[in-house]
Amino acid sequence: MAERSNVAWQVMWNRLISVVEEQAQALVRTAFSTSVREAGDLSAGVYDARGRMLAQAVTGTPGHVNAMADAVAHFIRRIGRQNIFEGDVYLTNDPWEGTGHLHDFTVVSPAFHDGVLVGFFACTAHVVDVGGRGFGADGASVYEEGIYLPIMKFAERGEVDQTLIRIVRGNVREPDQVVGDLYALASCNGIGQRRLADMMAEFGLGDLEEVAEFILENSRRATLERIAALPRKSAEGSMTVDGFDTPITLAVRLSVEETRIVCDFAGTSPVDAKGINCPKVYAKAYACYALKCAIAPEIPNNAGSLEPFEMEAPEGTIVNAVHPAPVALRHIVGHFVPDAVYDALDKIITGVVPAEGAGCLCNFQVSLRPAPGRKGVRAEVLAFNSGGSGARPEFDGLNATAFPSGVMTMPIEATEHAGPVVIWRKELRPDSGGVGARRGGLGQYMEVGAREGHEFDFQAMFDRVRHPARGRQGGGPGGVTEIGQDDGTEMRSKGKQFVPEGRRVLLSLPGGAGYGAAADRDPDLVRRDLVRGYISAEAAERDYGMSADEVAEVLEVARGGGG
């Protein structure tokens with residue numbers, strides 16, 4: 001075979017990225033769960049025969065894909081190369097060898113070309129239910145959190161294990177949705193396999209070894225060049241969040257070395273009694289993602305570009321929880337990892353990282369059923385929602401946008417279609433973005449109830465009630481989370497809580513923090529925020545120094561009365 005040019009290898013690299021993006025889009029189109037179809041809570045990637053990730057789909061979350069980067073090696077080891085056959089499909093929801101909790105199923109399929117194993121496709125999706133206590137923080141061990149499936153064969157040589165399907169159906173509350181998602185995961189890997197075979201035939205490839213070396217070596221070298229441009233320094237960062245019953249501190253020491261950057265989480269709070277603990281694989285995924293966003297954002301994500309970023313944490317800390325710790329809501333802690341890393345990185349390179357944002361997703365799950373003496377249906381409905389992101393050095397924070405997870409907020413229509421839930425209110429929350437030269441992103445107001453004749457259990461998964469997002473360089477904090485029922489009944493920010501027929505849950509989701517001093521904000525931006533309703537008249541006067549007359553004039557013009 002003739003020697004290929006770098007241009008040819010680059011074309012093949014781009015093709016692989018397109019292949020895995022089509023793989024991810026196939027999953028979005030075929031998935032049953034709204035968390036996949038509407039929120040994009042998934043990942044997809046292609047690996048070489050040694051289990052090294054070569055490309056990931058743009059669609060998906062860093063917590064999934066960066067954790068999944070380590071998963072394929074576990075599959076190869078557990079299944080054994082001698083037991084890998086064409087037409088096989090493997091799966092697991094092991095939190096420590098997958099992506100962090102039982103609700104994520106990772107599916108891996110070997111890719112063969114002309115009868116030879118050339119690589120693997122992998123994908124992950126969050127399913128609506130895995131049995132147990134349901135999706136929430138109430139479990140005291142992973143055994144309470146749902147069905148556990150070790151790395152095993154979903155299909156062998158194209159034949160699906162129907163005994164496995166029956167076991168899954170018998171242990172989950174939404175069997176059609178969950179089993180449908182497993183088939184969707186397997187099918188999207190099949191799309192990847194077919195597109196890879198087409199590509200290899202087109203370029204005359206017998207295996208992926210050479211293209212893999214081109215991708216990984218160039219990615220690693222480009223990342224190391226970015227690291228080499230940084231000062232060789234160490235800095236410490238920390239942040240405190242609500243936790244379940246007691247606050248949690250994330251402590252990190254960030255060290256920039258010649259060929260790597262290390263995040264050491266020694267000093268972080270120990271494992272919690274409830275299910276907000278984070279396996280190391282998931283915390284590592286977000287620590288590496290944070291560094292890559294700040295230092296090498298334009299380099300495609302793969303094993304080579306991730307290799308120079310390392311994360312360490314003592315076993316037994318909440319970012320390195322070991323079996324059998326409860327981990328259902330591992331995202332609560334995992335999504336705060338980037339802000340802790342950025343607290344340290346900001347002391348090494350200033351003017352790069354954003355202020356703190358809402359951090360963890362503002363999710364909730366409702367378990368709906370007919371009220372006593374009433375007729376109706378039972379359903380499990382999971383809703384993904386976001387607070388505001390932190391302001392950036394040059395731009396305001398994004399309203400109701402999930403950072404670092406990147407998942408999308410579910411449309412009301414899709415949520416209500418999934419069961420007898422009613423979203424009575426969903427709108428931006430004025431004054432929730434922290435003040436500053438760059439304003440923090442706004443949170444949301446939500447009002448959640450059920451259709452007539454239904455009651456429900458509300459699984460709360462919130463933080464930032466007592467510890468709002470912190471600003472940088474003089475920026476103000478974001479708004480805190482508030483939760484309660486419409487009759488004044490108080491509710492906890494985490495855990496399953498009963499809501500009787502006719503009652504509604506009122507939510508105020510948190511805002512992102514500001515960046516820079518409020519006195520330095522462009523007056524035109526203050527007026528714009530006032531007109532759009534992002535800030536109130538009181539905030540314009542109190543926080544940004546506008547006079548009462550100027551506020552009145554701006555609002556009058558906005559109403560069309562300015563002539």
Side-chain angles (χ1 to χ4, degrees), residues 42-43 45 47 50-51 53 63-85 87-110 117 120-135 139-173 175 178-186 188-189 275 277-285 315 320-330:
L42 60 98
S43 66
Y47 300 70
R50 286 186 271 176
M53 186 171 72
H64 279 163
V65 75
N66 285 4
M68 197 175 71
D70 294 334
V72 172
H74 294 306
F75 277 82
I76 295 172
R77 175 171 53 87
R78 296 287 188 189
I79 298 295
R81 289 188 179 274
Q82 72 279 7
N83 296 316
I84 294 175
F85 309 118
D88 280 3
V89 181
Y90 318 122
L91 62 69
T92 191
N93 67 338
D94 186 311
W96 289 272
E97 295 189 348
T99 60
H101 68 173
L102 295 174
H103 278 77
D104 284 349
F105 275 89
T106 298
V107 173
V108 173
S109 305
L117 176 67
F120 296 87
F121 282 89
C123 55
T124 299
H126 180 106
V127 300
V128 69
D129 184 69
V130 290
R133 286 179 172 268
F135 188 34
S141 79
V142 73
Y143 296 113
E144 301 176 34
E145 295 182 327
I147 186 171
Y148 161 72
L149 298 178
I151 291 174
M152 61 190 302
K153 292 194 176 187
F154 175 77
E156 182 171 275
R157 303 181 195 267
E159 196 71 30
V160 174
D161 186 339
Q162 294 300 325
T163 300
L164 171 61
I165 296 296
R166 288 194 294 273
I167 290 172
V168 172
R169 294 187 69 90
N171 280 276
V172 302
R173 297 174 179 86
V178 174
V179 172
D181 281 342
L182 296 184
Y183 276 100
L185 286 159
C188 88
N189 279 356
N277 301 294
C278 189
K280 183 181 178 182
V281 65
Y282 192 78
K284 175 188 172 185
E315 284 191 359
N320 189 3
V322 297
H323 188 276
V327 293
L329 299 191
R330 53 60 167 129

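Everything numeric here is computed off the predicted structure, so don't read it as measured data.
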Query raised in the report: Can you list the steps and then say if D94 with Y148 is a side-chain hydrogen bond (donor to acceptor under 3.5 Å, both in side chains)?
Result: CA-CA 7 Å; D94 186 311; Y148 161 72; 3.0 Å; yes
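- Under a 3.5 Å cut-off, the side chain of N93 and the backbone N or O of I147 do form a donor-acceptor pair.
- With rounding to the nearest 0.5 angstrom, the CZ atom of F75 is 11.0 Å from the CD1 atom of I84.
- Within the model, atoms NZ of K280 and NZ of K284 stand 7.0 Å from one another, a figure rounded to the nearest 0.5 Å.
- For I76, the side chain to side chain contact (heavy atoms under 4.5 Å, CB included) test picks out V72, R81, F120, with sequence neighbours left out.
- Heavy atoms only, all atoms of each residue included: H64 and T99 are closest at O-CG2, 3.6 Å.
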Requested in this report: Could you check T124 against T106 for side-chain hydrogen bond (donor to acceptor under 3.5 Å, both in side chains), going step by step and ending with a plain yes or no?
Outcome: CA-CA 4 Å; T124 299; T106 298; 3.0 Å; yes
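- The heavy-atom pair separating V107 from N189 by the smallest distance is O-ND2, 3.1 Å.
- Checking side-chain atoms of R173 against main-chain N and O of G132 turns up a donor-acceptor pair under 3.5 Å.
- A salt bridge is defined here as a Lys NZ or Arg NE, NH1 or NH2 lying under 4.0 Å from an Asp or Glu carboxylate O, and D104 with R330 meets this definition.
- Residues V281 and D70 share a closest heavy-atom pair of CG2-OD2, 4.2 Å.
- Of the possible polar contacts, one joining the N277 side chain to the P326 backbone as a donor-acceptor pair under 3.5 Å is found.
- In this structure, the separation between CG on L329 and NE2 on H103 is 9.0 Å, given to the nearest 0.5 Å.
- Annotation for D88 and E156: closest pair OD1-CA, 3.2 Å, computed over non-hydrogen atoms.
- Ring pair F135/H101: centre-to-centre distance below 6.0 Å.
- Shortest non-hydrogen contact noted between V142 and A325 is CB-O, 3.6 Å.
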